[in-house]
Amino acid sequence: MSKYSEYKGLNMPSIEQDMLATWKAGDYFKKSMDQRRENESFVFYEGPPSANGMPGIHHVISRTIKDMFCRFKTMQGYLVERKAGWDTHGLPIELFVEKELGITKEDIGKKISVEDYNNKCREVVMRYKDKWEEITEKMGYWVDMSNPYVTFDNNYIETLWWALKELYNKDLLYKSVSIQPYSPAAGTGLSSAELNMPGTYKDVKDTTVVAMFSLAAPATLSGFTLHTLQTTLHETARNAWEPFVNLPIGGGLLAAEKAAEVYFMAWTTTPWTLPSNCGLTVGPNIEYVLVQTFNPYTHQPTNVILAKGLLGKYFKPEAQSGDLTLYTTDTKAIPWHILAEFKGSELEGLRYNQLLPFDGNTREIAGGDPFRVIVGDFVTTEDGTGIVHTAPAFGADDNRVGKKNNIGILTMVDRQGKFNDFTGEFSGRYVKNYKDDPDYKDVDVDIAVKMKISGNAFKVEKYEHTYPHCWRTDKPVLYYPLDAWFIRTTAVKDRMIELNKTINWKPKSTGEGRFGNWLENMVDWNLSRSRYWGTPLPIWATEERDELKCIGSIDELIAEVNKANEKLGTNQVLTREGLDMHKPYADNIILVSDSGKPMRREPDLVDVWFDSGAMPYAQLHYPFEQNPLDMLKRNFPADFIAEGVDQTRGWFYTLHALGVMLFDSVAYKAVVSNGLVLDSKGNKMSKSKGNVVDPFATIEKYSADATRWYLVTNASPWDSLKFDLEGIKEVQRKYFGTLYNTYQFFALYANVDNFTFKEDYIPVSQRPEIDRWILSSLHTLVKDVTRFLNDYEPTQAGRAMEYFLDEQLSNWYVRLCRRRFWKGEYEFDKICAYQTLYECLETLSLLTAPIAPFFADWMYQNLNKVSGRNNSVSAHLADFPLANETYIDADLEERMHLAQDVCSIVLSIRKKVNIKVRQPLQRILIPVMDPHIKEQIEKIAELIKSEVNIKEIEYLTDNDGFIKKKIKPNFKSLGARMGAKMKSVAAAINLMQQNDINILEQDRSYVLTVDGEQIAIGMEDVDIIAEDVPGWSVANKDNITIALDITITEKLQDEGNAREIVNRVQKIRKESGFEVTDRIIVNIEEREALKSAIINFNDYICAEILADSINISADIQDGIEIDVNDIVLKISILKT
RNA sequence: AGUCUCGUAGCUCAGUUGGUUAGAGCGCUACACUGAUAAUGUAGAGGUCUCCAGUUCAAAUCUGGACGGGACUACCA
């Protein structure tokens, strides 16, 4: 096998199929790990997807990122094990099954047994496993799917139980009431997922009330510590009204005691929660005022407390300090006076009279110490009154703040959504129309009316806001206290925050902002799910709940069962083999308490996020296998994980929380969170919109590599990506097309010359300048790519490779070196060229391998099969290239860049004056102010000359007096010194004449006169560039200026013609299908204008076209007509 | 509503510690090249850097606000 494979065209999908077959046949994935068994490991966790839905294109991006870094680290020599996993529990699966069976949650256990239902879930959960495996393979994601972790496995669940017991023993697991979204119409709690379904939030118009809670009179406060402010407030109010005691204001005679009443104003959009009120919450730093005014409904004198910032919502500015004595029932702008001001924190502890007392909402029933003012951080002054009516039963915030302040709880509404029987005239009434009763009367309105009459309402109005509805019944949800088990994450909050700071987040903002804030505002983790298909909570309780038992392993469970059989006389049979830990079996197990009472399992399931968060240990079946600690040490924490940014508060959080709680450690050291994949117009992809991209079709049509490359290089992974197939096509054309072309070019000539890299490696220092340059660039690239990938900056890495391939390798090195490959004998220079290009291609294939594993390996193998240079048969078994610093020559890279600029400028002048490149020209002039630049250009003069077809380069120094200089102020250096004078100084510099510039250059300084002031500037304050060489064709770019001599002498003309002839003959050779090595004889028709060219450049022409001779004839038969610089003639070519 | 994120050419994106002519690729137009040819080069057109205000001698860049897209959390008076 001594020939490089050549191809007719680039067909990436077919390359990928070949490579997949090769990988499989050679078992390369396994090999890539096996050969590094003894090495340091790089720990990676695969976030488990759920296989009950089809994989989408958004899965391809996160898996590309995972795969890329795992491959990269493997090539760097680490052992990177990648165990696949499946997330198998949870609500989405249950909903899917319900839908498929056409049942609802209520039917489970009735129309279908829990056993059958769960079996169905178990079946459904792996429904698309095949599809997932297929996409995994096709996209080139190397992950071990032969031995995945599955969250419903007994072993997996056993570890979860172990973890739960650890938490239980650390007193981090507790049961409590929590406020959850609940649908009275459906009789079921709703998950946040259900609440986030489209159409759940609707605009509704509700009756809202600003309720007035009267401050308790000091006299009624026996038994409680008196708040001094309480007495003061009453006295202030009484004193304020004192002068009016005998006046008939407000539509009645003022009663002194009534006038001394002080009310808190609190707004609610759910008046039905008022009977359950237990507290009023104020913001500790909010300013509040006591206002003397009139009740707008009863017109009685009154005094209210509300946030100062919200006065404008209830009182007209023009009525401030209005005359109270003039108030009548008809007064539009109710007069008001501010009597006092205080901060929220001062109000804390004030007591008020219950607003709507009934039999069922007494202080005793509430428990705790209700009807007090408390403080809470969540209070704002954006709407309402700055005082929040707090009903701990019906709001999560309320509940939290209520618990913290021990104000008890009142639940005056039952689970059907109606007031209980102890709510006076409202007993039995539904708070919303849950039963579709045509005669339903809004209970909120009646409550509001009652309050208006009693003087406890300040404002009643309809208010439109969004409110969640049950997606199944379309009825408003209410927040309802339900029993639940919690993990006390707040206990380790500070530690979690501290450890989070050590995690390398990509992007940083997700870790600091989104995740950091989330940790700051952390609440305890509600672990309970009242569903059927999930990990059962391993807690058993006696009926009175006075004894609890948390089970931490299957063995322990079996032992406890045996104990129960013994003590309770039951006959339960439980073996490890026959065990299913799910419902309903787990629920049937009865254990015995220490005091001998039967215990039943707490019916809840565990949040699926616990399943996935415990995956680092559960996938190992920790600690139930051999050498658990050693095993854990090798697999925890992860060095790297990656998932979508939507996992920030999901998987990323639960991993972190459990890592901290169980092991006081981070669970991952680095995390890449990728953004969303949107459609090409920037809309979210969704099935209903029909804009989802099918990853199978995409890969099949455009290849996995192009897709992967596109996903990685188009935008940073964490920016949301507008997915556009056109972009993939572009990548295919641009990157892979160019790489392919370059390889093809190499293969074509290397095969001709039998280059197989059998010669010794020619020391780079001995190679031509251009070879040293491309190798320098190549090794700079290796350095950059390595750095970027180590930094988890794949986009930068990919773009650096694109730049190298396109701008440096293909468009410069190969283009300039073409001749070296097809011209001349197979000797030193040619071998240099082959070795150099080979090394570029080989290295590039290895650098590319993590991102585009198929194409890279394909190219690598094509090269390596022939040369056998590398011991590894696949790029993925090879080592990642190491930059050789000795190859890197910054000076060389700089001057080549200079050469590219110079050529580009010359070409643009040629274009401007319309002289084609094939026409040689005598010289260019380059004004050089900087000796370093001249030195640099001199070293690459040959290259420039041949590239732009000129004979010589001359350098102009300013002494020659030809150059017209331009001076520009250097704002950066000048700005700092000049400050406000900058503008006029800049203007003065722009006005400097040629001789001024000369003086500056000579003296290295110059004194400007600006606004009558003398200001000295130095060389560092300006840029001086040669702008023009009068009388020449000139162009410039940045600081380089070039003048081109466009005189075409006769000799140049001849040479141009000769080149033109060569060009035409070459074309004919090619069209006639001659081999590149065929020798020819040329007969050319006589033309006076071309004669001298043919005679003078005979040797040149013959050498170029491999002609043995050129004969000029007066007449040519059967010739081909050609056009040489507008001269038409015939030419005939014969093979010798 | 809060938090995060994005907003630069028709499209996709760069844009260093603020520094005066804001770049690239694709697409478009014209020309050239023709032993990589389904390749390549050169040139041209195309911008209110989303808007407003501020800081500064100087703002795409810094600050504040608004608007728009997206995500997450929540829906709470």
Side-chain angles (χ1 to χ4, degrees), chain A residues 9-10 181 192 195-196 201 208 210 266-270 273 280-281 378-380 382-391 394-398 465-468 477 479 507 509-510 512-518 521 644-646 648-650 675-676 678 680 682-684 710 713-716 718-722 724 726-727 729-730 733-734 737-738 741-742 744-746 748-749 795 799 802-803 806 810-811 814-815 818-819 821-823 903-904 907-908 910-912 914 916-918 968-976 978-986 1063 1066-1067 1069-1070 1076:
Chain A
L10 174 59
S192 57
L195 225 51
N196 279 326
Y201 287 92
T208 69
V210 174
W267 184 54
T268 179
T269 56
T270 50
T273 61
L280 292 172
T281 310
F378 61 92
V379 180
T380 68
E382 258 156 47
D383 46 24
T385 62
I387 301 175
V388 178
H389 145 60
T390 304
F394 303 114
D397 278 342
D398 300 32
H465 61 148
T466 56
Y467 195 83
V477 157
Y479 289 79
S509 60
T510 300
E512 281 175 359
R514 185 183 289 204
F515 196 68
N517 290 338
W518 169 252
N521 299 316
V645 68
D646 51 332
T648 306
R649 278 137 182 190
L676 271 263
L678 311 170
S680 61
N683 299 310
K684 196 178 172 177
Y710 167 71
T713 57
N714 187 62
S716 280
W718 32 89
D719 290 336
S720 56
L721 174 85
K722 289 181 191 160
D724 193 350
E726 289 302 315
K729 284 189 208 164
E730 190 180 318
R733 214 171 36 234
K734 192 109 189 95
T738 306
N741 267 327
T742 310
Q744 271 293 86
F745 173 84
F746 168 81
L748 177 66
Y749 294 109
T795 310
R799 286 177 181 172
E802 284 177 346
Y803 177 80
D806 201 51
S810 171
N811 286 353
V814 172
R815 197 159 59 79
R818 272 181 301 187
R819 261 181 102 80
F821 290 92
W822 50 262
K823 192 85 184 144
C903 291
S904 150
L907 290 172
S908 84
R910 277 181 171 274
K911 164 87 183 164
K912 219 181 299 171
N914 210 10
K916 57 177 77 168
V917 179
R918 217 160 22 235
K968 280 199 311 194
N970 179 344
F971 284 84
K972 210 167 184 170
S973 94
L974 226 37
M978 296 302 154
K981 284 177 291 206
M982 188 62 218
K983 266 199 178 122
S984 26
V985 172
N1063 166 261
Q1066 298 287 31
K1067 206 168 177 180
R1069 283 182 61 116
K1070 194 176 175 193
V1076 286

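Letters A, B, ... are given to chains in the order of the sequence lines, protein chains preceding strands, and every chain is numbered from 1.
By the side-chain hydrogen bond (donor to acceptor under 3.5 Å, both in side chains) test, T208(A) pairs with W267(A), sequence neighbours left out. Legend: residues meeting side-chain hydrogen bond (donor to acceptor under 3.5 Å, both in side chains) with T270(A), ordered by chain and number and at least two apart, are T268(A), T273(A). Shown here are the salt bridge (charged side-chain N to carboxylate O under 4.0 Å, His left out) partners of R733(A), two or more places apart in sequence or in another chain: there are none. In this structure T385(A) satisfies the side-chain hydrogen bond (donor to acceptor under 3.5 Å, both in side chains) test with no other residue, sequence neighbours excluded. Every residue meeting the side-chain hydrogen bond (donor to acceptor under 3.5 Å, both in side chains) condition with D397(A), not counting sequence neighbours, appears here in chain and number order: R400(A). Under the ring pair (Phe, Tyr, Trp, His ring centres under 6.0 Å) criterion, F515(A) pairs with W505(A), H656(A), sequence neighbours left out. Under the salt bridge (charged side-chain N to carboxylate O under 4.0 Å, His left out) criterion, K729(A) pairs with E726(A), sequence neighbours left out. Judged as a salt bridge (charged side-chain N to carboxylate O under 4.0 Å, His left out), and not counting sequence neighbours, the contacts of R819(A) are E1104(A).
Nucleic acid contact for R910(A): none, since no nucleic acid atom lies under 4.0 Å from a heavy atom of the residue. Within the nucleic acid shown, V814(A) comes within 4.0 Å of at least one base atom, counting heavy atoms only. The residue Y749(A) sits close only to the backbone: its heavy atoms come under 4.0 Å of sugar-phosphate atoms, none of a base. Nucleic acid contact class of K968(A) (heavy atoms, under 4.0 Å, all strands): none. In this structure, Q744(A) reaches neither bases nor backbone, as no heavy-atom distance under 4.0 Å exists between it and the strands shown. Counting non-hydrogen atoms under 4.0 angstrom, R819(A) reaches nothing in the nucleic acid.
Nearest heavy atom pair, residue Y479(A) against residue P468(A), reads OH-CG, 3.6 Å.
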Self-check item: Sugar-phosphate or base contact per nucleotide [nucleotides 4-10 of chain B; S, B, -; heavy atom under 4.0 Å]
Solution: BS-----
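With hydrogens and angles left out, the side chain of S810(A) and the base of A36(B) share a donor-acceptor pair within 3.5 Å.
When distances run from any side-chain atom of P468(A) to the nucleotides C76(B), A36(B), G25(B), the shortest one goes to C76(B). Between A36(B), C13(B), C26(B), one nucleotide has an atom nearer to the side chain of A715(A) than all others, and that is C13(B). Taking only side-chain atoms of M982(A), from C-beta outward, the nucleotide of C57(B), A36(B), G27(B) with the closest atom is C57(B). Among the nucleotides C26(B), C33(B), A36(B), the one closest to any side-chain atom of K916(A) is C33(B).
Taking the P atoms as reference points, A71(B) lies 22 Å from C76(B), given to the whole Å. Straight-line distance between the C1' atoms of A22(B) and U16(B): roughly 14 Å, to the nearest whole Å. G19(B) and A36(B) are spaced 44 Å apart, taking the C1' atom of each and rounding to whole Å. Across A30(B) and U12(B), the matching C1' atoms stand 25 Å from one another, rounded to whole Å. The gap from the P atom of C31(B) to that of G47(B) amounts to 24 Å, rounded to the nearest Å. Here the separation of U61(B) from A1(B), taken at their C1' atoms, is 31 Å to the nearest Å. On the P atoms, C67(B) is 16 Å away from C51(B), given to the nearest whole Å. G23(B) and A60(B) have their C1' atoms separated by 12 Å, with the value rounded to a whole Å.
Across the protein-nucleic acid pair, N741(A) atom CG and A38(B) atom P stand 9 Å apart, rounded to whole Å. Rounded to whole Å, atom P of C13(B) lies 14 Å from atom CD of E726(A). Rounded to a whole Å, the CG atom of N970(A) is 13 Å from the C1' atom of A58(B). One interatomic measurement links the two molecules: CZ of R799(A) to P of G23(B), which rounds to 18 Å at whole-angstrom precision. Here the P atom of nucleotide U37(B) and the CZ atom of F745(A) are 10 Å apart, to the nearest Å. Atom NZ of K729(A) is separated from atom P of G27(B) by 12 Å (rounded to the nearest Å). Between the P atom of A36(B) and the CG atom of L748(A) lies a distance of 8 Å, rounded to the nearest Å.
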Could you go through nucleotides 59-63 of chain B and list every protein N or O atom that sits under 3.5 Å from one of its N or O atoms, giving the distance for each pair?
none

Within the sub-3.5 Å range, which N or O atoms of nucleotides 41-46 of chain B have a protein N or O partner, and how far apart are they?
unit_1, atom_1, unit_2, atom_2, d
G41(B), OP1, N811(A), ND2, 2.5

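For K1067(A) and K734(A), each mapped to the nucleotide of RNA chain B holding its nearest heavy atom, the one lying further toward the 5' end belongs to K734(A). Between N714(A) and T742(A), the one whose closest nucleotide on RNA chain B sits nearer the 5' end is N714(A).
Between A24(B) and Y803(A), no contact under 4.0 Å exists linking OP1 or OP2 to a side-chain N or O.
Residues T738(A) and S810(A) bring no donor and acceptor atom of their side chains to less than 3.5 Å of each other.
With a cut-off of 3.5 Å on both pairing distances, the Watson-Crick and G-U wobble pairs of RNA chain B assemble into stems of 3 or more at B:1-7 with B:67-73, B:10-13 with B:23-26, B:28-32 with B:40-44, B:50-54 with B:62-66.
Using the six-membered ring where Trp is involved, F745(A) and F821(A) have ring planes that are perpendicular, over 60° apart on the 30 and 60° scheme.
Between the side chain of Y710(A) and the main chain of D724(A), a donor-acceptor pair closer than 3.5 Å is present.
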